[in-house]
Participant: 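The structure follows.
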Amino acid sequence: MTLLAVSDLTKRYRRGGKTIAAVDGVSFAIESGETLALAGPSGSGKSTIARLVLRLVEPDAGTVQFDGDDFLALKGAALRARRARLQMVFQDPLAAFNPRATVARVLDDPLRIHAIASGAERPASIAALLERVGLTADLAPRAIHEISGGQRQRVAIARAIATNPSLIVLDEAVSALDVSVRGQILELLLDLQARERIAYLFISHDLGVVRAIAHRVVLLDAGRIAESGDARAVIDAPQSAIGKALVAAAPRLNSTRP
Amino acid sequence: MTALAEIRDLSVRFISDGSKVAALKGISLDVVAGECLAIIGESGSGKSTLALAIAGLLPGSAKIEGSIDWFQGTTGEASAKAPPSALPGISPSRGEIELSSPPSPITGIVERAPAARLPISSLEGEMSGRTEGGVTERQPSTIGASRIPLPGRDIGFVFQDPSASLDPVMTIGKQIAEVAHTHLDLDWPQAYAKAKHLLQRVRLPYPGSAMRAFPHQLSGGQKQRVAIAAAIAAGPKLLIADEATSALDTIVQAEIVALIRQLVAEDGMTLLFISHDIALAAELAERIAVIRHGELVEIGMTAEIVTAPRHPYTRTLLEAHLGLDASPLLRRTPA
Ligand SMILES: Nc1ncnc2c1ncn2[C@@H]1O[C@H](COP(=O)(O)OP(=O)(O)OP(=O)(O)O)[C@@H](O)[C@H]1O
Ligand SMILES: Nc1ncnc2c1ncn2[C@@H]1O[C@H](COP(=O)(O)OP(=O)(O)O)[C@@H](O)[C@H]1O
Ligand SMILES: [Mg+2]
Ligand SMILES: [Mg+2]
């Protein structure tokens, strides 16, 4: 079933008298339980698309269908209810929190705001959420700044899944992690997807990561789609100029110095 | 083959919030003149601390033990002969040099790498303080002594965030000219001419107008080119690039890596390339040192580290690398 369909999405920004199209007529769709990756060089429009899909900014043109609704037309309670099904994880999402806030506090917010658990139920819900992301309940009273980067990203994922979303937008969500931790977080995302049929819009500039975890990929260049298709097929044999450049630039372990 | 610097038993501790952090624990390694040596490790492992220690840029609050000895007229003064026993075996007829066993184990964790062969790099003849046939003059100096190399002049530094090394309110041209003016005894017109030449060398588009631009008017990759131009302006022997490409996208990263490789070759510099990315390090470096929790885990030739790592931690890093040929984590389930 098609979960998200964006069509002819366009967003222009004015900068110093010039107008640039950060996103220029982009269309794609995501099925339930599917991972679609957006890849491309810096400035190609990946994060702008994420913000448009999340309705953090409004497009100049185009439509976003989410779960069968015209997402851009939703208002008030209907929008809030849909928002619960559409969550996000950024590179360092908890950076925005007071670093002294506890893990429990960070997870309490979505449960309360979306009325998912009553006050009395919430400690148990928080413990269950921590378990779903491979953490233990004894982390709950710890401050955000006291836990490791990998633990923080697990808490961010726990916060995102608190509302039982059908789609999570992940913008460079594993880019700042050490490689050993990155592998564990990617495994966690795949487990959650297998168990809960969550779809991911997975944004990364790292084609190795995209190839390892995405079903399909959309390659962007200067706000437009350069090519798209099965992640491995596209990355193994890119057809577009930007696809070829991205593949050529990826560091390779087994090709030592020229 | 000769050491540019010999690091012995280097330990660095920081006191923060009253508690002690041991950032480096008994690191011993040689930086070989003319080589590209990569230092890899995960965040907090001590890579930047090592780079700053080598450059003599650690803050006063850092407690430093051990020694860093410099050789090869790093300071541009007359040199003294080194004791022959300190020189590794040389076989000039084959154009190869025996690399003696890398640093002896300091801690139980360090594993001894095997003796390895390092091809003489084509840059060798260009290194100052050297004579034909590998006979080398060395000039030791020690931390705390007067002949330590001067950051900015003898050692160029490129950081992850180019904004950290560029002054936001000074034109690009002035920032680079200032390095040349300070360290090379050039007058201002000469220093500006040198700056423009350097902007051409780092292939900044429109170097003429870039001279009058401010850092915020350039992209991240362009700013990093400017930072590299400033770092090499005084003609340093040693270039230290600390995560210099980590904030850039992969295409720009590849361009900057190619630029660093070319400049290092042209100027006969020694390169210390610090990265958390083992694949990137392998593309650039002849040798790789792996550090973890402030300790040197393993050091060896790149091909050996990549194909026959000795330490389990190095293997972990290699296995965690997701290359374009890695087997996918995704078990294809129909969506
Ligand atoms: N609020 C804004 N005002 C003006 N220009 C913007 C704004 N947000 C984005 N842009 C521009 O839109 C383009 C796309 O930016 P975007 O952040 O989507 O790129 P990205 O693909 O996410 O890049 P990166 O890999 O660096 O994160 C860029 O040219 C950027 O400078
Ligand atoms: N100026 C400083 N004051 C206090 N602690 C520091 C300072 N610089 C680094 N450290 C600590 O030293 C350790 C090594 O840090 P660093 O060398 O920056 O690692 P890396 O560059 O490998 O990420 C870390 O625990 C870090 O928090
Ligand atoms: Mg972005
Ligand atoms: Mg560092």
Participant: Measure across A:R182 and B:A320 and return the closest heavy-atom pair with its distance rounded to 0.1 Å.
Facilitator: NH2-O, 3.2 Å
Participant: What residue, out of A:G149, A:A245, A:S175, A:G43, has the most heavy-atom pairs lying under 4.5 Å from chain B?
Facilitator: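 The candidate making the most pairs under 4.5 Å is A:A245.
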Participant: Is A:L207 close to chain B through its backbone or its side chain, or both, or neither, when contacts mean heavy atoms under 4.5 Å?
Facilitator: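 Looking at A:L207, backbone and side chain both touch chain B.
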Participant: Tell me, for B:H276 versus chain A, whether the close heavy atoms (under 4.5 Å) come from the side chain, the backbone, both or neither.
Facilitator: neither
Participant: Measure A:L190 against the heavy atoms of chain B and call it side chain, backbone, both or neither at under 4.5 Å.
Facilitator: side chain
Participant: So does B:R212 have more than 12 non-hydrogen atoms from other groups sitting under 6.0 Å from CZ?
Facilitator: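 Open.
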Participant: Inspect the surroundings of CZ in A:R12 and state if more than 12 heavy atoms from other residues, nucleotides or ligands are less than 6.0 Å away.
Facilitator: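 No, not enclosed.
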Participant: Closest heavy-atom contact between A:A250 and B:L324?
Facilitator: CB-CD1, 3.8 Å
Participant: Please examine the side chains of A:V181 and B:E42, heavy atoms only from C-beta on, and report whether any two atoms are closer than 4.5 Å.
Facilitator: no
Participant: Between A:R252 and B:D325 (side chain of the first, backbone of the second, donor and acceptor by atom type, cut-off under 3.5 Å), is there such a pair?
Facilitator: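 No, the answer is negative, given that no donor and acceptor are paired below the 3.5 Å cut-off.
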Participant: For the interface with chain A, which of B:S43, B:G220, B:G323 has the highest count of heavy-atom pairs at distances below 4.5 Å?
Facilitator: B:S43
Participant: With a sphere of 6.0 Å drawn around CZ of A:R224, does it hold more than 12 non-hydrogen atoms of other residues, nucleotides or ligands?
Facilitator: no
Participant: What is the minimum heavy-atom distance between B:D277 and A:P251, and which atoms define it?
Facilitator: OD2-CG, 3.9 Å
Participant: Please name the pair of heavy atoms, one in B:L329 and one in A:E187, separated by the smallest distance, quoted to 0.1 Å.
Facilitator: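 B:L329 and A:E187 have their closest heavy atoms at CD2-OE2, 3.7 Å.
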Participant: With chain A, which of B:A279, B:G44, B:A254, B:G221 has the greatest number of heavy-atom pairs at distances under 4.5 Å?
Facilitator: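 Option with the greatest count: B:A279.
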Participant: Using a 4.5 angstrom heavy-atom cutoff, name the option from A:G183, A:P41, A:A176, A:A199 with the most pairs to chain B.
Facilitator: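 If we count pairs closer than 4.5 Å to chain B, A:P41 comes out on top.
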Participant: Under 4.5 Å between any side-chain heavy atoms of B:T250 and A:D206, yes or no?
Facilitator: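 Contact flag for B:T250/A:D206 side chains = no.
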Participant: I'd like to know if the side chain of B:Q253 reaches the main chain of A:A249, judged simply by a donor and an acceptor atom lying under 3.5 Å from each other, with no hydrogens or angles considered.
Facilitator: no
Participant: Under 4.5 Å between any side-chain heavy atoms of B:L322 and A:L186, yes or no?
Facilitator: yes
Participant: If you count heavy-atom pairs under 4.5 Å between each of B:T316, B:L280, B:L317 and chain A, which one has the most?
Facilitator: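 Ranked by contacts with chain A, first place is B:L280.
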Participant: For atom CZ of A:R195, is the number of surrounding heavy atoms from other residues, nucleotides or ligands below 6.0 Å larger than 12?
Facilitator: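 Enclosed.
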Participant: With only heavy atoms counted, which part of A:V247 is less than 4.5 Å from chain B, the side chain, the backbone, both or neither?
Facilitator: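 It is both, since atoms from each part get that close.
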